[in-house]
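Input: a single structure, listed below in structure tokens.
Note that this is a predicted model, so its numbers are computed, not measured. Indexing begins at 1, ligand by ligand and atom by atom, following the structure's order.
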Amino acid sequence: MRNADVAAMLNRVADLLEIRGENFFKIRAYREAVRQLDNLTTEVEDLIKDGKLKDIPGIGEAIEKKIVEYVTTGQLEFLTRLEAEVPPALLEITRVPGLGPRTAKDIYDTLGILSLDALEDAARTHRLLSVRGIKAKTEENILKGIAMLKRTEGRIYFPEAWILADSMLTTLRALKGVARAEIAGSARRACETVGDLDLLVAGDDPDALRAEFGRLPQVNEVIAQDGGTTSIRVRSGMQVDLRVVKPDSFGAAWVTFTGSEAHNLQLRARAERMGKAIAGATEEEVYAALGCAWIPPELREGRGEIEQAARGTLPNLVQRADLRGDLHTHSNWSDGRNEIAEMARAAKARGYDYIVLTDHTQSLQIAQGLTPERFRARAAEIAAVNARPGLARVLNGAEVDILPDGSLDLPDETLASLDLVVASVHVALDQPKDVITQRVLTALRSPHVDVYAHPTSRRLDRRGETSLDVEAVIAEAVTTGTALEINNSPFRLDLNDTWARKAREAGALLAIDNDAHYPAEYDYVRYGLAIGRRAGLTPDRVLNTRDPEGVLAFCREKAARAVGNLR
Ligand code: DGT
Ligand code: CA
Ligand code: CA
Ligand code: ZN
């Protein structure tokens with residue numbers, strides 16, 4: 001047992017005594033013992049063996065006895081009794097950062113408040129001010145603490161989990177004795193949101209590695225050490241579960257720890273029917289032993305993927321290498337940061353053959369937008385860039401605004417001069433459902449609109465989806481031959497995996513676009529790609545897997561069909 005665990009136990013005893021209004025000196029004695037433990041350079045367990053624990057200043061006989069009981073039995077009867085006596089709900093409000101047990105007790109005594117919701121309500125209506133010692137500033141801090149608690153205890157969108165995983169896996173892989181470290185759980189499956197991050201490590205000496213986890217630079221606190229899993233909390237509040245196994249069972253552990261639970265249950269049932277075990281050093285071996293092809297993690301949701309893997313009919317999901325271009329990019333002709341040539345060079349460096357330059361149009365109020373004249377000037381620069389060797393080819397496009405009445409903010413003549421047009425809603429986002437839906441349907445019927453971008457207009461950090469009837473839009477996209485965009489930006493991800501799957505099932509074509517405003521934003525591609533894979537998209541269902549000629553042919557076909565539909 002670590003000193004920190006003993007300190008946590010003593011702190012909890014002190015908290016509970018405080019809530020009960022026990023003697024001040026008694027409580028202070030526990031707090032003082034915690035301080036002494038924090039400064040200790042030796043292990044408490046060793047001190048107990050040598051009979052030297054009571055030599056430590058601040059640790060009297062009563063506390064010494066409790067420490068010995070806790071270290072030797074893993075439990076403390078006194079603590080168990082205290083916990084049974086204190087209203088457990090009171091402990092709930094002490095979870096608010098900055099709200100100590102003494103204040104919690106005062107709040108309870110004055111207002112009878114036990115729950116976080118009641119506490120928040122009392123703070124908002126300033127009833128907390130009637131509690132002894134609580135001032136306006138305290139009330140403000142309590143509200144902030146509640147907001148933080150809600151944020152850190154909620155789920156996060158998978159890109160944030162991936163960024164944390166990148167950092168932790170880099171640290172883990174650099175540790176001595178780590179043969180392998182990989183992402184698992186819902187984050188590996190690219191679920192839209194992630195409850196906690198799961199990481200799996202392989203090494204010959206799991207115990208030695210476990211001891212290292214608490215010292216990783218990302219760790220704020222170790223929450224639990226339970227069998228093979230160490231749960232830690234990082235500074236952002238996210239929980240990370242770390243599991244270590246020996247290399248020869250890595251494959252089986254990776255399958256199990258990746259989930260989903262439904263997938264695991266079905267896989268186990270299959271193994272039992274076949275009289276086999278879920279075992280293997282690699283995932284491929286695990287699945288092969290059960291007569292299955294390896295299943296991409298994005299499909300492991302227990303939706304029939306195991307039967308498909310057994311029959312050999314899993315979809316051939318779109319991969320990064322299939323994406324040949326980006327259909328939605330910006331330059332410093334509108335609100336992008338870089339010159340066209342820089343965007344084209346960076347695209348080439350990332351393996352794209354082409355980009356469609358889709359600078360904004362004039363009516364966009366948040367950015368410098370192009371007039372028809374400036375589109376003509378930009379076309380000359382595009383031609384010059386395309387004459388240079390070694391760059392991705394630049395197609396001449398625009399991101400047009402769908403105005404509140406469904407019309408587009410460029411004249412037909414300019415629209416007709418462009419290779420590809422993406423259209424999106426940027427203003428009047430709060431229109432009623434039928435109005436905004438008709439507005440978008442009208443735009444999709446235009447012969448010039450090739451890709452409907454930002455389909456739900458959501459901003460993950462700011463606002464939810466508009467009231468748009470997405471299913472009606474999907475149906476119209478199929479009828480008119482318009483592509484729908486999965487926006488790869490981790491702040492947007494307009495179509496989640498559920499919408500993208502509905503679009504695929506309806507027969508729509510999708511675009512996996514970065515909406516890059518500077519080169520580093522091309523790297524957002526992994527997020528949109530993961531959504532597309534979860535939706536079951538194969539390369540033929542993604543417009544930007546085509547070469548430039550294929551994309552231009554798609555645009556011509558769209559125009560011809562729209563004109564036909566109008567007739
Ligand atoms: P989350 O964290 O809520 O976003 O979702 P997951 O899927 O990451 O769930 P988590 O972190 O509780 O566990 C990671 C994986 O471990 C999970 O996908 C499957 C496996 N697992 C955990 N608990 C159980 C269980 O009780 N039964 C089975 N069959 N598998 C489990
Ligand atoms: Ca998890
Ligand atoms: Ca977990
Ligand atoms: Zn854009």
**Prompt:** Is there any N or O on Ser260 that sits under 3.5 Å from an N or O of ligand 1?
**Reply:** no

**Request:** Could you tell me whether the side chain of Arg492 reaches within less than 4.5 Å of the side chain of Arg459, counting heavy atoms only?
**Result:** yes

**Asked** Are His328 and His454 close enough, and set up right, to give a ring-ring contact (aromatic ring centres under 6.0 Å, His included), and what steps lead you there?
**Response** CA-CA 11 Å; His328 186 168; His454 302 305; 5.5 Å; yes

**Asked** What N, O or S atom of Asp241 is found closest to the Ca ion (ligand 3)?
**Response** OD2

**Asked** Have Gln308 and Thr313 got a donor and an acceptor in their side chains that come within less than 3.5 Å?
**Response** no

**Protein non-hydrogen atom found under 4.0 Å from atom 1 (P) of ligand 1** = yes

**Fill in**
re atom 9 (O) of ligand 1, the protein heavy-atom contact at minimum distance is Asp198 OD2, 4.6 Å

**Asked** What protein heavy atom sits nearest atom 8 (O) of ligand 1, and how far away is it?
**Response** Ser186 N, 2.8 Å

**Prompt:** With no hydrogens and no angle check, do the side chains of Glu465 and Ser457 hold a donor and an acceptor under 3.5 Å apart?
**Reply:** no

**Complete:** Taking only non-hydrogen atoms of Asp196 and a 4.0 Å limit, the atoms of ligand 1 in range are 2 (O), 11 (O)

**Item:** The one among Thr193, Thr256, Val240 that brings a heavy atom closest to atom 20 (C) of ligand 1
**Value:** Thr256

**Asked** Would you say Cys191 touches ligand 1, if touching means a heavy atom closer than 4.0 Å?
**Response** no

**Prompt:** If you count the atoms of ligand 1 from 1 in the order shown, which ones are under 4.0 Å from a heavy atom of Gly185?
**Reply:** 8 (O)

**Item:** Heavy atom of the protein closest to atom 15 (C) of ligand 1 (residue, atom name, distance)
**Value:** Phe257 O, 3.2 Å

**Asked** Considering only heavy atoms of Gly259, which atoms of ligand 1 have at least one such atom less than 4.0 Å away?
**Response** 17 (C), 18 (O), 19 (C)

**Prompt:** Within the structure, does at least one protein heavy atom fall under 4.0 Å of atom 25 (C) of ligand 1?
**Reply:** yes

**Request:** Answer yes or no for Arg268: is there a heavy-atom contact with ligand 1 below 4.0 Å?
**Result:** no

**Prompt:** Does the side chain of Arg458 pick up a donor-acceptor pair with the side chain of Asn496 at under 3.5 Å?
**Reply:** no

**Request:** Return yes when Arg155 approaches ligand 1 closer than 4.0 angstrom through a heavy atom, no otherwise.
**Result:** yes

**Pick from Arg243, Arg188, Glu261, Arg189: the one approaching atom 7 (O) of ligand 1 most closely through a non-hydrogen atom** = Arg189

**Message:** Can you name the atoms of ligand 1, numbered from 1 with element, that are less than 4.0 Å from a heavy atom of Thr258?
**Reply:** 18 (O)

**Distance-only side-chain donor-acceptor flag, Glu285 / Thr282, under 3.5 Å** = yes

**Message:** Considering both backbone and side-chain atoms of Gly195, is one of its nitrogen or oxygen atoms within less than 3.5 Å of a nitrogen or oxygen in ligand 1?
**Reply:** yes

**Item:** Pair Asn264, Gln266: side-chain N/O donor-acceptor within cut-off below 3.5 Å
**Value:** no

**Message:** Tell me the angle that OD2 of Asp198 and O of Asp196 form around the Ca ion (ligand 2), rounded to 10°.
**Reply:** 100°

**Prompt:** Any ion pair linking Arg300 and Glu305 (charged N to carboxylate O, less than 4.0 Å)?
**Reply:** no

**Between Gln218 and Ser167, a side-chain donor and acceptor under 3.5 Å** = yes

**Asked** Going by the order shown, which atoms of ligand 1 are within less than 4.0 Å of some heavy atom of Val194?
**Response** 4 (O)

**Message:** Under 4.0 Å from atom 5 (O) of ligand 1, can you find at least one protein heavy atom?
**Reply:** yes

**Message:** Show me which atoms of ligand 1 lie under 4.0 Å from any heavy atom of Asn264.
**Reply:** 19 (C), 20 (C), 29 (N), 30 (N)

**Prompt:** Is any side-chain heavy atom of Trp162 closer than 4.5 Å to a side-chain heavy atom of Tyr157?
**Reply:** no

**Request:** Would you please determine whether Leu197 falls within less than 4.0 Å of ligand 1 on a heavy-atom basis?
**Result:** no

**Asked** Does the side chain of Arg210 come under 3.5 Å of the side chain of Thr230 through a donor N or O and an acceptor N or O?
**Response** no

**Request:** Answer yes if the side chains of Thr538 and Asp540 hold a donor-acceptor pair under 3.5 Å, and no otherwise.
**Result:** yes

**Message:** What I'd like to find out is whether the side chain of Leu299 reaches to under 4.5 Å of the side chain of Leu317, using heavy atoms alone.
**Reply:** yes

